[in-house]
Amino acid sequence: MESQCAARSVAYEGEEEITLHDACGVIAVVASDGDSAVEPEIASALCLGMVALQHRGQESAGIATTDGTTIHQHKGMGLVSNIFSESDVKRLRGAVGIGHTRYSTSGVSELLNCQPFIVDSIHGRIALAHNGELVNAKQLRKKVLSRGVGLSSQSDSELILQLLTIRPDPEDDQKPDWPARIRYFMSQSLTSYSLVIMVGEEVYAVRDPYGNRPLCLGQLPSMSGDDKPGGYLAASESCSFLSIGATYLREVLPGEIVCLRRSGIKTEGMVDRPMVTGGNERPSPAFCIFEYVYFSRADTVHEGQQVYSARFRCGRRLAIEAPVKADIVSTVPESATPAAMGFADQLNLNYVEVLTKNRYVGRTFILPNMQQRRSGVTKKFGLLQENFRGKRVVLVDDSIVRGTTIGNIVQLLKSKGAKEVHVRIASPPLKYPCFMGINIPTHGELIANSKNADQLAKDLGADSLVYLSIDGLKSTIQAGVKTEGPSGHCTACLTGKYPVELDF
């Protein structure tokens with residue numbers, strides 16, 4: 001549909017135009033009933049887990065904890081390590097807490113839009129952290145405003161909170177039915193979201209029916225010396241569990257509502273994907289394939305397979321599809337490293353580093369504007385000239401979005417003595433904007449829409465450039481899936497085929 005492929009820059013009446021961007025990370029920790037030693041460590045555990053999720057967003061971060069009666073909160077702009085001091089962590093008391101690292105999916109980058117969000121309801125305060133982007137946010141915003149409710153931010157997350165305050169029928173006046181309220185919200189918006197919702201001393205971990213954004217469950221060990229669980233977790237990625245000594249349990253299923261209580265974990269409901277129009281089958285899940293390509297950390301597990309292994313196999317498939325005579329294979333660190341190693345393994349070539357990374361510069365893909373991205377690229381890498389001078393180099397990257405990074409690197413390698421530079425991309429060309437939480441906002445910024453691979457190679461100064469095919473990516477990822485039940489992946493940014501009808 002033509003309207004689906006237009007640049008998404010949405011403006012509401014009376015407001016400054018909003019451009020939508022990227023992914024976030026969420027985490028929740030609940031101490032178990034019988035382990036009082038874990039309770040003082042909840043805020044620390046959240047901080048450590050958020051540091052492990054920092055790659056998902058670097059603009060802001062926040063934590064909300066509760067002791068059952070009062071919600072304590074701290075949030076700010078920047079990296080987790082800069083926001084939370086030791087005294088801040090000590091003030092975040094309670095046995096239950098949620099955290100969030102943010103890059104704006106909607107709304108501008110300012111403290112007002114930092115999460116978790118907290119609202120008051122007749123049944124007490126609710127805190128929420130959200131990863132994703134509601135495809136029908138404009139419609140939902142009108143629904144909330146029509147109820148006479150004001151909104152203090154431009155964030156989708158505040159819309160979700162306000163919808164959760166709507167009382168389902170029937171509901172006991174004295175006891176809110178939170179699973180019913182969550183199901184009502186899910187019926188109003190089918191994607192894209194993974195949520196952690198804190199009410200009282202319970203946390204609901206919720207994944208949209210299409211499973212577009214990741215969410216998984218874990219368990220803390222006891223700190224009392226027995227075999228009982230010390231607590232329970234939910235997080236965007238399993239990589240956050242290792243840093244706090246937790247064990248990975250499983251993924252939250254698409255459409256599942258899981259309650260984390262101090263007594264344990266329990267599924268409180270499922271919301272199915274709607275039937276295909278005119279048919280009797282439900283569509284497949286639509287987990288974002290870009291989580292494998294770029295966003296998730298290599299040690300994270302999705303759908304029963306580690307991201308590193310999936311990327312390695314994509315590199316091997318790329319070598320089968322696009323072999324080249326070369327002396328060495330290298331990479332643009334770090335998310336493309338497994339693919340480069342797979343490429344080298346398939347062709348029996350040496351994998352050699354040609355770039356060294358300055359780890360104190362943020363990921364350029366998720367820096368907010370082009371000026372910052374360009375500055376980040378030029379400061380981000382050093383060259384290991386002795387490794388590539390006079391050699392034919394295959395340079396493997398995970399994706400090309402705007403072409404800023406790869407073009408500068410090819411020119412640097414050539415200027416410092418590389419005989420040839422062949423670019424191989426371990427994903428297909430990005431051609432369509434994402435409306436479900438990834439920073440691919442406009443056609444104009446996607447270089448694949450204006451140049452084919454040969455034209456782009458010429459512009460970059462590369463000797464050749466080849467992308468992994470769409471079928472190659474899909475089949476390679478699907479081959480490693482080990483989950484029960486149906487599975488499927490969203491490739492809308494590659495094909496223009498979105499899993500749901502878009503409503504702007």
Side-chain angles (χ1 to χ4, degrees), residues 24-31 39 42-47 49-50 53 57 60-76 80 83-84 88-89 91-102 105-107 111-132 134 144 149-166 176-179 181-182 184-186 193-207 213 215 217 231-236 240 252 257-262 268:
C24 302
V26 301
I27 186 169
V29 183
V30 177
E39 291 185 28
I42 291 298
S44 296
L46 287 165
C47 275
M50 289 161 60
L53 297 174
S60 65
I63 288 175
T65 62
T66 183
D67 53 15
T69 56
T70 304
I71 290 182
H72 309 278
Q73 183 180 35
H74 184 76
K75 55 186 179 179
V80 173
I83 295 169
F84 295 94
D88 293 327
V89 172
R91 283 194 293 269
L92 292 167
R93 299 183 302 276
V96 179
I98 63 174
H100 188 267
T101 61
R102 181 179 189 266
T105 54
S106 62
L111 188 60
L112 181 68
N113 289 311
C114 294
Q115 298 185 43
F117 276 104
I118 300 173
V119 298
D120 291 307
S121 77
I122 194 171
H123 299 291
R125 307 191 83 192
I126 315 168
L128 174 143
H130 168 217
N131 170 212
L134 303 182
V144 168
V149 175
L151 295 170
S152 62
S153 75
Q154 300 165 339
S155 171
D156 289 354
S157 309
E158 187 181 14
L159 289 175
I160 298 170
L161 266 178
Q162 293 296 345
L163 287 165
L164 290 175
T165 65
I166 297 176
D177 187 343
W178 292 113
R181 293 181 181 217
I182 294 168
Y184 171 77
F185 156 71
M186 296 173 76
Y193 47 86
S194 284
L195 309 171
V196 287
I197 306 163
M198 186 170 71
V199 289
E201 286 195 300
E202 298 178 341
V203 171
Y204 290 93
V206 181
R207 197 172 177 203
R213 305 253 57 87
L215 193 63
L217 301 171
Y232 310 96
L233 300 91
S236 295
S240 63
V252 176
I257 304 168
V258 179
C259 186
L260 282 68
R261 298 182 176 91
R262 302 195 64 186
E268 295 286 355

Original post:
Quick one: does Lys75's side chain get under 4.5 Å of Ser60's, heavy atoms only?
Top reply: no
Original post:
Closest approach of Leu260 and Ala205, non-hydrogen atoms and distance?
Top reply: CD1-CB, 4.1 Å
Original post:
What are the two closest heavy atoms between Leu92 and Thr65, and how far apart are they?
Top reply: C-OG1, 3.3 Å
**OP:** For the residue pair Thr66 and Arg125, establish whether any side-chain heavy-atom pair is separated by less than 4.5 Å.
**Re:** no
Original post:
Does Phe185 have any ring-ring contact (aromatic ring centres under 6.0 Å, His included) partners at least two apart in sequence or in another chain, and if so, which?
Top reply: Tyr193
Original post:
Is any side-chain heavy atom of Ile166 closer than 4.5 Å to a side-chain heavy atom of Leu163?
Top reply: yes
**OP:** Scan Leu159, Val119, Val144 and name whichever one has a side-chain contact (heavy atoms from CB on, under 4.5 Å) with Val149.
**Re:** Val144
**OP:** State, yes or no, whether a side-chain contact exists between Glu268 and Trp178 at a heavy-atom distance under 4.5 Å.
**Re:** no
Subject >> Side-chain heavy atoms of Met198 within contact of Ile71, under 4.5 Å >> reply: yes
Original post:
Any donor and acceptor pair, going by atom type alone, linking the side chain of Thr165 with main-chain N or O of Ser121 inside 3.5 Å?
Top reply: no
Original post:
So, does Arg102 use its side chain to make a donor-acceptor pair with the main chain of Cys114 at under 3.5 Å?
Top reply: no
**OP:** List the atom of Gly76, the atom of Ile83, and the distance in Å for their closest heavy-atom pair.
**Re:** O-CD1, 3.1 Å
Subject >> Atom of Ala95, atom of Arg262 and distance for their closest heavy-atom approach >> reply: CB-CZ, 3.6 Å
**OP:** Check whether any side-chain N or O of Arg207 sits under 3.5 Å from a backbone N or O of Val252 as a donor-acceptor pair, and report yes or no.
**Re:** yes
**OP:** Report yes if the side chains of Gln115 and Val26 come closer than 4.5 Å at any heavy-atom pair, otherwise no.
**Re:** no
Original post:
Nearest heavy-atom pair of Ala43 and Ile63: which atoms, and what distance?
Top reply: O-CD1, 4.1 Å
Subject >> CD1 on Ile27 to CE on Met50, rounded to 0.5 Å >> reply: 8.0 Å
**OP:** Quick one: pull up CG in Leu134 and OG in Ser157 and give me the separation to the nearest 0.5 Å.
**Re:** 7.5 Å
Subject >> Non-neighbouring partners of Arg93 that pass salt bridge (charged side-chain N to carboxylate O under 4.0 Å, His left out), sequence neighbours left out >> reply: none
Original post:
What's the shortest heavy-atom distance between Ser240 and Gly49, and which atoms?
Top reply: CB-O, 3.5 Å
Subject >> Partner set under ring-ring contact (aromatic ring centres under 6.0 Å, His included) for Tyr232, not counting sequence neighbours >> reply: none
Original post:
So, does Asn131 use its side chain to make a donor-acceptor pair with the main chain of Gly25 at under 3.5 Å?
Top reply: no
**OP:** Calculate, to the nearest 0.5 Å, the distance between atoms CG and CG belonging to Leu164 and Leu161 respectively.
**Re:** 6.0 Å
Original post:
For the side chain of His100 and the backbone of His130, is there at least one donor-acceptor N/O pair under 3.5 Å apart?
Top reply: yes
Subject >> Nearest-0.5 Å distance, CD1 of residue Ile257 to CD1 of residue Ile197 >> reply: 8.0 Å
Original post:
How many angstroms lie between NE2 in His72 and CD1 in Ile118, if you round to the nearest 0.5 Å?
Top reply: 10.5 Å
